[in-house]
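Down below is the structure, laid out as structure tokens.
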Number of protein chains: 4
Amino acid sequence: MARDTARTQRPSEGTRDRLIDAAGTVLREEGYAGASARAIATSAGANPALVFYHFGGVDQLLLAALDRSSARRMELHQATAAQATTLEELVEAATTIYRTDLEHGYLAQFCELVAAAVTKPALRAEISSRSEPWIAFIEHHWERVVGGSPLGRLLPAREVAFAAVTYYLGVNLFSVLDEDSSRTDAVLDLAHRVAPRAKLLTMRFPGSGPSPEGR
Amino acid sequence: MARDTARTQRPSEGTRDRLIDAAGTVLREEGYAGASARAIATSAGANPALVFYHFGGVDQLLLAALDRSSARRMELHQATAAQATTLEELVEAATTIYRTDLEHGYLAQFCELVAAAVTKPALRAEISSRSEPWIAFIEHHWERVVGGSPLGRLLPAREVAFAAVTYYLGVNLFSVLDEDSSRTDAVLDLAHRVAPRAKLLTMRFPGSGPSPEGR
Amino acid sequence: MARDTARTQRPSEGTRDRLIDAAGTVLREEGYAGASARAIATSAGANPALVFYHFGGVDQLLLAALDRSSARRMELHQATAAQATTLEELVEAATTIYRTDLEHGYLAQFCELVAAAVTKPALRAEISSRSEPWIAFIEHHWERVVGGSPLGRLLPAREVAFAAVTYYLGVNLFSVLDEDSSRTDAVLDLAHRVAPRAKLLTMRFPGSGPSPEGR
Amino acid sequence: MARDTARTQRPSEGTRDRLIDAAGTVLREEGYAGASARAIATSAGANPALVFYHFGGVDQLLLAALDRSSARRMELHQATAAQATTLEELVEAATTIYRTDLEHGYLAQFCELVAAAVTKPALRAEISSRSEPWIAFIEHHWERVVGGSPLGRLLPAREVAFAAVTYYLGVNLFSVLDEDSSRTDAVLDLAHRVAPRAKLLTMRFPGSGPSPEGR
DNA sequence: TATGAATGAGTTTTCATTCAT
DNA sequence: GATGAATGAAAACTCATTCAT
């Protein structure tokens with residue numbers, strides 16, 4: 001969805017870029033309600049009309065900004081997740097991903113758009129389709145790490161992916177609503193405490209099937 | 001917030017009522033972005049200025065509507081949850097609650113306001129404080145059903161409550177974004193599949209304490 | 001202009017009273033722009049509709065409040081001015097009057113309405129007619145103290161009265177615009193410095209007829 | 001505030017201009033209370049939103065209009081005052097200035113804003129600061145004409161300037177409140193009658209140092 | 001006398017969007 | 001590509017005022 005803008009690098013292709021970055025920044029700092037064409041353009045040092053000239057509208061620009069950060073995140077997180085080979089490492093990776101997103105503001109940016117989509121039905125399809133790659137991402141790594149094990153049979157990849165994204169969204173919302181992040185931390189802690197149990201318990205009888213730990 | 005309006009039923013105390021109901025309806029059907037004073041008033045067959053006269057503002061009206069449905073839900077769900085005495089029944093009750101909320105549109109209504117709060121920082125505190133009773137609600141029933149058991153020690157009530165509300169929010173968002181509810185259903189199924197395992201595995205050695213399943 | 005409200009003292013004639021007082025207070029503290037029927041009624045602990053029931057409108061109420069304080073001031077200031085028998089004492093009395101009005105907030109109240117009248121042509125006649133008694137007041141005391149003297153011939157009472165009221169208004173405005181009152185004080189000081197000169201020069205040769213300067 | 005608009009005369013730089021002029025006109029004719037964005041825009045044949053686009057708000061536009069006429073007046077009046085070399089000529093100049101302002105409506109325009117500032121505290125600082133140049137103006141000419149003389153010592157420039165502006169404001173108000181200008185004229189006449197006396201008496205013995213009265 | 005509800009007009013303000021240049 | 005001006009729609013909100021009770 002992020003159109004390749006690298007090749008046709010016109011003289012002030014820079015403006016497009018600056019608008020996209022500014023869109024992300026304003027979205028994070030002022031919320032969707034504050035992300036007007038004028039606010040973004042001002043932050044980018046550009047003319048508001050360019051939002052329409054380049055992107056066709058404010059929402060389209062915001063989506064472009066989401067696409068840009070999604071691409072970066074995907075690359076980043078792919079590397080993180082790839083290193084996990086056990087359930088515990090996977091949970092660890094998930095936590096790392098969450099914290100990274102939080103620190104970089106990606107999370108806030110995404111969250112604002114999800115919230116906006118709820119608020120404004122016209123945006124829903126756009127946001128919905130943009131969550132697909134992430135579901136596939138989780139599916140892939142769950143399958144890779146847990147696939148074939150009893151746990152994998154108990155919890156099929158697709159459903160775990162849904163649950164994870166769902167949870168991720170919920171945590172995001174919470175962290176936005178609650179200034180203090182103690183709740184969020186408590187929720188993340190839970191995952192860490194449960195993971196070892198799940199591993200221990202569901203993988204105890206390796207006899208049956210190609211359990212990865214049977215090695 | 002919803003004062004007892006039953007007794008002193010002034011001629012058009014009905015208007016207040018109609019506005020509150022219309023606020024819920026419009027919120028569900030048009031989203032927060034579509035819930036302007038005019039839209040709500042039109043739907044209630046009232047003058048838009050009455051939104052300000054009676055409630056002081058659009059957001060206050062929407063919060064009043066939330067409070068009204070929250071009160072109803074709390075009563076309803078309290079009865080549902082009170083019947084659960086095992087973890088499985090608790091999960092069952094949670095599912096029932098969720099489906100009820102979904103069908104009655106309570107869920108969408110709540111969800112719109114949560115999303116609006118993300119979008120509009122000024123609303124955050126209001127929404128945040130309104131989630132407290134629900135956290136207490138979950139805490140109470142978890143403690144009642146699981147408290148004292150090994151599972152209860154592994155998963156303390158407060159954290160479970162956070163996690164549940166978090167999850168509920170995430171599921172809500174998903175169900176709003178995805179017109180088709182297959183994902184949501186898949187996610188709920190997961191809970192049902194995990195619950196028995198959790199029960200089996202964590203409560204197998206009842207020796208210690210008043211485990212409920214030792215019966 | 002202040003209708004006699006003492007005789008028909010109905011049970012809650014008190015409300016009328018409270019509205020009048022509240023009108024003065026709100027006018028002083030919030031300015032004419034903030035003196036809405038609702039604001040005044042709230043401050044009086046009364047229903048806004050009573051503003052219309054008792055006075056016919058907001059402006060009429062504000063004028064009634066002005067009339068009330070004018071009556072008080074007239075009584076008060078009459079006593080002050082009556083004691084002056086020389087030009088210097090008259091200037092002294094004027095200063096006392098000004099300071100009293102300032103401290104009691106009468107000045108601010110009057111000033112707000114004058115300003116409102118400028119702003120809102122419909123009020124002009126009302127305010128204009130209410131300055132008449134004060135012009136007569138000044139005329140009277142000037143004539144009494146200075147009349148017949150050379151100074152009195154140089155400066156006829158009516159014109160001095162106009163000048164004084166004019167000046168009074170100007171000083172009011174200034175004192176409202178400038179938070180710090182140093183300018184106002186400087187202006188009042190001028191009067192004190194000029195008065196003795198005027199007295200000295202114009203009254204030195206009382207017997208002598210046409211010219212005070214002995215020309 | 002009025003940027004040099006002469007050179008880069010964009011197609012409808014004229015609109016800004018027309019708005020400023022219309023603001024002055026409406027202010028004079030309808031009073032501040034009638035000077036809404038819509039009223040001004042209508043009078044200028046422009047879209048009300050342009051008031052905000054170009055000036056940021058109604059008050060800012062009105063202040064811009066004041067600045068424009070202030071600039072014109074300063075130029076005009078500077079020339080008038082510069083010719084005065086005696087006290088009488090100075091009083092004469094002041095009268096000319098006053099009459100010019102009255103005829104051109106500058107006076108009414110200024111007066112409306114002063115009144116509005118009284119009514120609306122937020123405007124006070126803006127108006128207050130805009131009176132500074134005029135105080136300096138008076139100070140300068142008083143010093144130039146009377147400075148060093150006994151009268152100059154009796155009446156220091158700064159205080160005279162305060163008094164003059166104060167008086168000017170008061171007279172303005174009066175002239176606005178009283179449709180008929182006989183009072184205003186009477187007040188101006190006073191000044192003419194007093195001036196020669198003051199001149200005569202205070203400047204008679206130029207060689208003599210401190211006190212004109214030979215004390 | 002007093003009240004609460006209701007109304008309609010009007011205000012400021014902001015926005016997405018378009019267009020001529 | 002970029003700009004500044006312009007537009008029309010819509011929003012939130014306030015107010016004076018009226019009316020039935």
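This is a predicted model, so every value here is computed, not measured. Scope of the values below: all heavy atoms of this structure, side chains included, with no hydrogens, waters or symmetry mates.
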Each base of DNA chain E marked ( ) or [ ] if paired in-strand (Watson-Crick or G-U under 3.5 Å), | if paired to another strand and . if unpaired gives .||||||||||||||||||||
Nearest whole angstrom, please: distance from the P of F/dA11 to the CG of B/Leu62. 14 Å
How many angstroms lie between atom CZ of B/Arg130 and atom CG of B/Leu63, to the nearest 0.5 angstrom? 4.5 Å
In whole Å, I'd like the distance from the CD atom of A/Glu30 to the P atom of E/dT14. 14 Å
Counting primed atoms plus P, OP1 and OP2 as sugar-phosphate and everything else as base, spell out the protein contacts along nucleotides 8-13 of chain E at 4.0 Å heavy-atom distance: B, S or - for each nucleotide, 5' to 3'. B--BSB
Which heavy atom in C/Ala44 sits nearest to a heavy atom in C/Leu19, and how many Å separate them? CB-CD2, 3.9 Å
To the nearest 0.5 Å, atom CZ of C/Arg16 lies from atom CG of C/Leu61 at 9.0 Å
Reference residue C/Tyr32; test side-chain contact (heavy atoms from CB on, under 4.5 Å); the match among C/Thr119, C/Val26, C/Leu113, C/Val58: C/Leu113
Rounded to the nearest angstrom, tell me the gap between atom CG in D/Leu19 and atom C1' in F/dT7. 14 Å
Determine: side-chain N/O of C/Thr15 to OP1/OP2 of E/dA2, distance under 4.0 Å, yes or no. yes
Separation of F/dA16 atom C1' from C/Tyr32 atom OH, nearest Å, is 11 Å
So with a 6.0 Å cut-off around CZ of A/Arg38, is the heavy-atom count from everything else above 12? no
Interatomic distance, OG1@B/Thr15 vs CG@B/Leu50, rounded to 0.5 Å, equals 6.5 Å
Would you say A/Thr25's side chain and A/Asp21's backbone share a donor-acceptor pair under 3.5 angstrom? yes
When rounded to the nearest 0.5 Å, the distance separating CD of A/Glu30 from CD of A/Glu112 is 10.0 Å
Any side-chain N or O of D/His54 less than 4.0 Å from the OP1 or OP2 oxygen of F/dG4? no
Nearest-Å distance, CZ (D/Arg18) to C1' (F/dA6)? 11 Å
Distance check needed: F/dA12 P versus B/Leu61 CG, whole Å only. 11 Å
In this structure, how many angstroms lie between the P atom of F/dC15 and the CG atom of B/Leu50, rounded? 16 Å
For the atom pair CG (A/Leu27) and OG (A/Ser43), what is the distance rounded to the nearest 0.5 Å? 11.5 Å
Less than 3.5 Å between a donor and an acceptor, one on the side chain of B/Tyr53 and one on the base of E/dA5, is that the case here? yes
Nearest-angstrom distance from the residue atom CD1 of B/Ile40 to C1' of F/dA12: 12 Å
